[in-house]
Amino acid sequence: MAISWATRQLLDRYVSDPKTVTWRWESMVVDVVLRYGSRSDAEALLPVFLDDPGARERLVPVFARHGDIALAERLLEAGVEAGRLRDGVPTGVLHAVGYLGCESAERMLWEHVDDSRGDHVDHHEAMDACLGLLHLPCQGLRTEIAEALERHVGSGLFPEFLPVLATKTGDPSWLGRLVEWGESGASTDCNGGLILGIAAHGAAARAEFTRLLWNPRWQAYGGGTGSDRWAYAGARLLGLGMPELYAELVARLNSDADTDDKRHCVETFTALLGQWVERGWVGLRAAPQPHESSDALYDLLFEWSSRHEDDSLIGLAGRVLGHEDRLVAELYHLEATLRSGARHELELRVVADH
């Protein structure tokens, strides 16, 4: 298969005009390759990444999304030495080799997480290693993962993404223990892995996960901490759709809960909607992109049932929070973004018909 136009643009600028490769431009083009590329694109981009891994960090998700086990082994060979990442190699490589199913990397990935010897564990290395291990069997690591969880359970601060691996222990009681950990001991600066770890338990976790979204203790809207991203990823893992989440929000806004609780619900839903609109790649095989189109989301959330009363999401939020509230302003922005996306979808259909 031929490489895409977007990949050709990247290669041309990397080689002939590197000064024009700005963060904004590279992020935009890489996102297009990530969404619409193929194995050929990953293969074509790998050499320029290996030439300067630190400067080409944004390419790593392309290798995970469109690569294969052979490409994972090449990343390992070039990026890992004596069981550790080489200097200058992005930590996302740890995530990518796991995502691509490279079981030979299990022990190496775990070494980037394990703090049993008292060694300092880098947050980003541990996060990406945990996300990589989530895609691997981890049979030989079951005991060590369980022991690591036992060392940290109940702590306020801990290796944040270690709880993602709770399902690898084979002990279903960890679902309830993760929930209790998040609601009693864990700092909200350190709960993204707990949120995702709960969702990773699958259907058994659906009720608990939905409950935590609306529980102020979890602050699942947190953009600075990344909790919103992992709440979105968890919703995708569990197959929660926007109609279901919106129905829950409407019920809560129409309940007799106090204004602070309702504000939290609007803030959480707005954060999730922002992630839904962005449709960023979360790097989890079991978390597909949302199936709702921009047009469908716009119709669900922002249409009025009659021209006499605004009973849309904006109208509901405005009645609870006041129409000048910053969250209402953010919802207006998301409405405009969805309207633009819906128009673009229509344009693509028109072009496809010609």
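Just so it is clear, the structure is predicted and the values come from calculations on it, not from any experiment. FYI, side chains are in, hydrogens and waters are out, and symmetry mates aren't considered; it's all heavy atoms of this structure.
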Derivation and outcome, salt bridge (charged side-chain N to carboxylate O under 4.0 Å, His left out), residues Asp114 and Arg151 | CA-CA 11 Å; Asp114 184 20; Arg151 281 196 304 274; 3.6 Å; yes
With no hydrogens and no angle check, is any side-chain donor or acceptor of [X] less than 3.5 Å from a backbone partner on [Y]?
| X | Y | result |
| --- | --- | --- |
| Asp353 | Val350 | no |
| Ser155 | His152 | yes |
| Glu160 | Gly192 | yes |
| Ser340 | Thr337 | no |
| Thr268 | Cys265 | no |

Could you give the distance from [atom1] ([X]) to [atom2] ([Y]), rounded to the nearest 0.5 Å?
| X | Y | atom1 | atom2 | value |
| --- | --- | --- | --- | --- |
| Asp260 | His264 | CG | NE2 | 11.0 Å |
| Glu81 | Asp87 | CD | CG | 9.0 Å |
| Glu103 | Leu133 | CD | CG | 11.5 Å |

Any non-hydrogen side-chain atom of [X] less than 4.5 Å from a side-chain atom of [Y]?
| X | Y | result |
| --- | --- | --- |
| Gln275 | Asp228 | yes |
| Pro53 | Pro90 | yes |
| Phe158 | Pro163 | yes |
| Leu212 | Leu194 | no |
| Val113 | Phe161 | no |
| His135 | His95 | yes |
| Asp68 | Phe63 | no |
| Leu131 | Leu196 | yes |

Specify whether Trp281 and Tyr99 have parallel, tilted or perpendicular ring planes, treating 30° as the upper limit for parallel and 60° as the lower limit for perpendicular.
->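 Geometry flag for Tyr99 against Trp281: perpendicular rings.
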Locate the shortest heavy-atom distance separating [X] from [Y]; write the atom from each residue and the value.
| X | Y | answer |
| --- | --- | --- |
| Arg35 | Gly280 | NH2-N, 4.4 Å |
| Gly274 | Leu334 | CA-CD2, 3.9 Å |
| Val48 | Leu45 | CG2-O, 3.0 Å |
| Ala200 | Leu134 | CB-CD1, 4.5 Å |
| Gln219 | Ser227 | O-CB, 3.7 Å |
| Leu94 | Met108 | CD2-SD, 3.7 Å |

Inspect the contact between [Y] and [X] and indicate whether a charged nitrogen and a carboxylate oxygen are less than 4.0 angstrom apart.
| X | Y | value |
| --- | --- | --- |
| Asp258 | Lys262 | no |
| Glu183 | Arg217 | no |
| Arg177 | Glu180 | no |
| Glu292 | Arg279 | no |
| Glu144 | Arg107 | yes |

Honestly curious: do [X] and [Y] fall in one hydrophobic cluster under the side-chain, below-4.5 Å linking rule?
| X | Y | value |
| --- | --- | --- |
| Leu165 | Val153 | yes |
| Tyr332 | Leu272 | yes |
| Trp276 | Val282 | yes |
| Leu338 | Ile314 | yes |
| Leu50 | Leu85 | yes |

How about [X]: does its [atom1] atom have over 12 heavy atoms from other parts shown lying under 6.0 Å from it?
| X | atom1 | result |
| --- | --- | --- |
| Trp25 | CH2 | yes |
| His123 | NE2 | yes |
| Glu324 | CD | no |
| Glu347 | CD | yes |
| Gln289 | CD | yes |

Would you tell me whether [X] and [Y] have side-chain atoms, one donor and one acceptor, within less than 3.5 Å of each other?
| X | Y | value |
| --- | --- | --- |
| Asn191 | Thr188 | no |
| Thr225 | Asp189 | no |
| Ser312 | Asp310 | yes |
| Glu330 | Thr270 | no |
| Asp122 | His112 | no |

Residue pair Ser294, Glu345: steps toward the side-chain hydrogen bond (donor to acceptor under 3.5 Å, both in side chains) verdict = CA-CA 8 Å; Ser294 295; Glu345 290 168 355; 3.2 Å; yes
Of Val250, Leu301, Leu253, which meets side-chain contact (heavy atoms from CB on, under 4.5 Å) against Phe269?
->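 Answer after filtering Val250, Leu301, Leu253: Leu301.
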Rest of the hydrophobic cluster containing Val32 (Ile/Leu/Val/Met/Phe/Trp/Tyr, side-chain heavy atoms under 4.5 Å)?
->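 Tyr36, which link up through side-chain heavy atoms under 4.5 Å apart, make up the rest of the cluster.
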Aromatic Tyr14 / basic Arg56 pairing, under 6.0 angstrom, 45° off normal =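 Ring-cation test returns yes.
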Listed by chain and number, what are the side chain to side chain contact (heavy atoms under 4.5 Å, CB included) partners of [X], not counting sequence neighbours?
| X | result |
| --- | --- |
| Val30 | Leu10, Glu26, Leu59, Val62 |
| Asp325 | Arg263, Leu321, Leu327, Val328 |
| Ala44 | Ile3, Thr7, Leu11 |

Would you please test Glu43 and Arg74 for salt bridge (charged side-chain N to carboxylate O under 4.0 Å, His left out) and show each step?
-> CA-CA 11 Å; Glu43 290 285 348; Arg74 289 159 68 188; 2.8 Å; yes
Only distances under 3.5 Å count here; give the side-chain donor-acceptor pairs of residues 230-245 to other protein atoms, sequence neighbours excluded, each with its distance to 0.1 Å.
from	atom 1	to	atom 2	distance (Å)
Arg236	NE	Pro288	O	3.0
Arg236	NH1	Leu240	O	2.9
Glu244	OE1	Arg206	NH2	2.7
Glu244	OE2	Arg206	NH2	3.3

Stepwise, does the salt bridge (charged side-chain N to carboxylate O under 4.0 Å, His left out) test hold for Arg343 with Asp295?
-> CA-CA 8 Å; Arg343 183 172 61 248; Asp295 182 57; over 6 Å; no
ring-ring contact (aromatic ring centres under 6.0 Å, His included): which pairs involve residues 189-216, sequence neighbours left out?
->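 Every candidate ring-ring contact (aromatic ring centres under 6.0 Å, His included) pair involving residues 189-216 fails, so no pair, neighbours aside, qualifies.
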